[in-house]
Amino acid sequence: MAFQFDSESQQKIPEQAPPRERIGKFSLLVMGGFGMLLLGLFAWHPVTRAARAALGRKNAKEANEATEAKDWTRAYQALVLARQRAPEDEQVLLAWVAFLKASGADAGGLAQTLQTLKKQRPLTEDEELLLGRSLIASGKTKDARAVYEKLPAQQSTRQAGLTLLSDILSAEGHAKEAAEAARRAAAQDTARPETKLQMVTQDLTSPMAEVRKDAYEQLWKLAEGTDESSLEAVSRLAAHPFLTLPQARRLLELEEKHPLKSLKDRLQVVSALMRLQPEQRTELAEAEVRRFASTKRGTREEMAFWLMRENLNDQVFALVPRDLALQSRELYPILVQAMAQAKRWEELKELLKIPRPPVPAILLDLAMVEVLSHLQPDMRESRHLLEGTVVNAAQAGDLNTLNAAATLAEKLNFADIACQAYKEAGLQAAKTGQSEPALQNLQKSAELALRAKDTGTLLEAVRRLHELSPSSVVFADRFVYLRLVLGVEMETVDVGSLTPQNELNAALHVKVERIPAPLLRALSAYRLGDREEMQKQLAALPRAETLPPGPRAVVAGLLTLAGKPDRGFQMAEKISGTVLLDEEMVFLKRAL
């Protein structure tokens, strides 16, 4: 029979509570370990970062201690470890700043470190100024100007801000404006003797007689002191053209009792005594030589250099025997110069030919150039040797020799060689981050090229000046002007981007001499054949009579083309054609 289920007839099983689940010890251990692993994974990076930061700060502290002790090697080693462990930690960055500032080792690195620190927090006033100075030193003048322009007015017009502005203007090639900013900076702090000396020195050249007189009196007060500034004041007074004989004797007394006196300072005062007593020059010089021999104060090089500078060549020959000079790289050039001053050319020629001289061969070549210029009337060999010297010095990157060669070339009227030497010196200085010498040499090259009407070298020098200091509106204007006048590279000229003809700093009223933008736009319109735009820009031109001769000649020619020949002629008849480029002369002839 089929199975039938009868729930009523079956024995009922009492209901029971289900047994409690148990977790074993092993499970607990596994779960706990897994949790710890997750926690460790999440906490690993913050913990390691904190640990590395702590170690980095410890290294930074060690670096600061080493920097204060001027132990540069230990400081650098500690900083390398600190940067490896915590490269963006504020304390580590501050330690780098302190090290680079104290050692003066790397202006570019200092600027970069300060910029990294700026991402962590706003820089302090001193740090902003330090950033500006380091940018200038590393050749980034445009960035330095950006730093200065963001300074608050109360900061940019104080002494430190004005000093930064002066450095920027100097790096941009604005020497007059830089001097004005420096003068205003110095005027804010006359408590320090060195600052007072700077102010007094500037006032000595004032056009006002009362200011000069007061500065002269202040300089004498400074000379009575016992610090380095008082010695400098003694030297400046010794060179003053209105110094009297009693005053010169008083200066010698001040120098003799000064605690920081030196042979160099004494000889400067003796030079003043010799200037005021020309009949006693020889006696005074011989007395100083005897005094040097008995006191041994100073060095033979200092005494010999002073005698050579005073053109006392016989005394140089007595003090510096030939055999001694051949063994000294300091005395040998002094003896060479003394022989040149004495015009002992044949003897000097033999001295320059000795084997194994104590100075580099390239310097001997320079000396031989001048010797040959006196012994060979056609100067052909001198020119050839000087050209080779410039080439060799440029290849060797020898800035000092390039400068010496440029000066000698000017002296011998080799204008083209001088122009090339100054240009190479400027390029070499720019490569090594020496922005101020680079600007000075390139500007000198441009001046000589302008004088020689060498437009190729002139354009290259002006281009380099603009590249070296792109934030300089003066260099930018000159570069635009020259290309437009010469009619070259005109496709690269953008007169629409010319900066406004305004003041560099409205609060200071510091201005720079510029070629007016309307003249550049009028010249560009002329090149493009747009007479209407040319007339419009000429109408907007300020007083053209104050422009240099070249731009003034261009304005005169453009005015004639614009239908104003009378005004163009009035302007042109006062310009000498000898100072113009050939291309500027074309405009002048149109107005005459």
Side-chain angles (χ1 to χ4, degrees), residues 93-94 96-119 121-192 194-199 201-202 429-430 433-440 465 468-476 499 502-514:
L93 292 172
L94 287 172
W96 263 108
V97 169
F99 169 74
L100 293 172
K101 180 182 176 182
S103 64
D106 182 8
L110 177 56
Q112 185 177 4
T113 304
L114 285 166
Q115 287 167 334
T116 303
L117 179 62
K118 197 171 185 176
K119 297 176 183 177
R121 61 159 175 80
L123 297 182
T124 65
E125 177 180 334
D126 290 340
E127 288 168 348
E128 287 283 6
L129 294 169
L130 179 60
L131 173 59
R133 292 194 298 270
S134 60
L135 287 168
I136 294 171
S138 56
K140 298 180 179 179
T141 313
K142 187 174 182 179
D143 294 338
R145 175 166 285 283
V147 170
Y148 174 78
E149 290 175 349
K150 290 179 182 178
L151 294 175
Q154 68 273 18
Q155 186 176 339
S156 63
T157 55
R158 289 207 299 263
Q159 184 184 20
L162 288 170
T163 301
L164 176 61
L165 175 61
S166 175
D167 293 341
I168 291 170
L169 290 167
S170 178
E172 291 177 347
H174 311 313
K176 293 180 182 178
E177 296 77 14
E180 173 63 15
R183 188 190 68 78
R184 295 182 183 184
Q188 297 192 18
D189 181 15
T190 57
R192 298 167 58 194
E194 56 270 26
T195 306
K196 181 68 175 178
L197 177 63
Q198 182 182 356
M199 288 293 298
T201 302
Q202 291 173 349
Q434 304 176 61
S435 58
E436 188 168 349
L439 290 169
Q440 290 174 349
L465 285 166
L468 187 61
S469 186
S471 58
S472 170
V473 291
V474 173
F475 294 156
T499 55
N502 56 2
E503 297 174 356
L504 282 181
N505 190 285
L508 299 173
H509 303 287
V510 177
K511 297 182 179 180
V512 295
E513 298 177 0
R514 297 180 56 183

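Hydrogens, waters and symmetry mates play no part in the numbers below; they use all other heavy atoms, side chains included.
Atom CD of Glu127 has more than 12 neighbouring heavy atoms from other residues, nucleotides or ligands inside a 6.0 Å radius.
For the pair Ile168 and Ala144, the tightest heavy-atom approach, listed with the atom from each and the gap, is CD1-O, 3.6 Å. Shown here for Leu465 and Phe475, the closest heavy-atom pair between the two residues is O-CD1, 3.6 Å. Nearest heavy atoms, Ala160 versus Leu129: CB-CD1, 3.3 Å. Between Ala438 and Ala430 the shortest heavy-atom distance is CB-N, 3.6 Å. The two residues Leu439 and Ser469 make their nearest non-hydrogen contact at CD2-CB, 4.4 Å.
Rounding to the nearest 0.5 Å places CD of Glu128 at 6.5 Å from CG of Leu151. Expressed to the nearest 0.5 Å, how far CG of Leu94 lies from CZ of Arg121 amounts to 5.5 Å. Atoms CG and CG, from Leu130 and Leu135 in turn, are 9.5 Å apart once rounded to the nearest 0.5 Å.
For Thr201 (side chain) and Leu197 (main-chain N/O), a donor-acceptor pair under 3.5 Å exists by modelled atom type.
Of the residues Leu164, Leu123, Leu110, Leu117, the one that meets the side chain to side chain contact (heavy atoms under 4.5 Å, CB included) test with Leu131 is Leu123.
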side-chain contact (heavy atoms from CB on, under 4.5 Å), that's the test. Do Arg145 and Leu169 meet it? Break it down for me.
CA-CA 9 Å; Arg145 175 166 285 283; Leu169 290 167; 3.8 Å; yes
